[in-house]
Amino acid sequence: MDKPITDCITMHFLELPKLKFSDVKKAKRLEAWGAYFSGISDEKELEVLCMNEPLLKEVNIL
């Protein structure tokens, strides 16, 4: 049954365990947020992510 419920909302899913990044200094916005929420980054990497992404700095609870 493929009947749409509404056309007012769009949902996107990100599979955080599948997220791969090689260098946190070069992480783009979505990669930075994914790395932050996935828990795969250590404290030093989180600091770098927060320095490069201003909104992450505001929500960071370190």
Side-chain angles (χ1 to χ4, degrees):
M1 182 160 136
D2 292 332
K3 186 176 180 182
I5 297 171
T6 180
D7 61 350
C8 298
I9 189 169
T10 302
M11 296 180 78
H12 300 273
F13 296 92
L14 299 174
E15 296 183 55
L16 294 178
K18 292 183 178 180
L19 178 68
K20 305 264 189 288
F21 64 94
S22 56
D23 188 5
V24 292
K25 294 177 185 173
K26 296 179 182 178
K28 295 184 180 183
R29 176 173 271 173
L30 183 59
E31 294 168 332
W33 280 96
Y36 180 80
F37 284 113
S38 69
I40 60 174
S41 302
D42 62 19
E43 217 173 292
K44 193 173 188 177
E45 289 175 328
L46 284 177
E47 285 181 35
V48 173
L49 289 170
C50 290
M51 284 189 291
N52 294 338
E53 183 56 45
L55 286 176
L56 268 178
K57 186 184 284 186
E58 290 184 33
V59 299
N60 191 20
I61 329 171
L62 286 179

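Residues Ala27 and Ala32 approach most closely at CB-N, 4.2 Å, considering heavy atoms.
Rounding to the nearest 0.5 angstrom, the gap separating the CD atom in Glu53 from the CD atom in Glu58 is 10.0 Å. Here NZ of Lys57 is found 13.5 Å from CG of Leu46. Values are rounded to the nearest 0.5 Å. The CG atom of Leu49 lies 10.0 Å from the OH atom of Tyr36; values are rounded to the nearest 0.5 Å.
The side-chain heavy atoms of Phe37 and Val59, taken from C-beta on, include no pair separated by under 4.5 Å.
Among residues two or more places apart in sequence or in another chain, the salt bridge (charged side-chain N to carboxylate O under 4.0 Å, His left out) test is passed with Glu45 by none.
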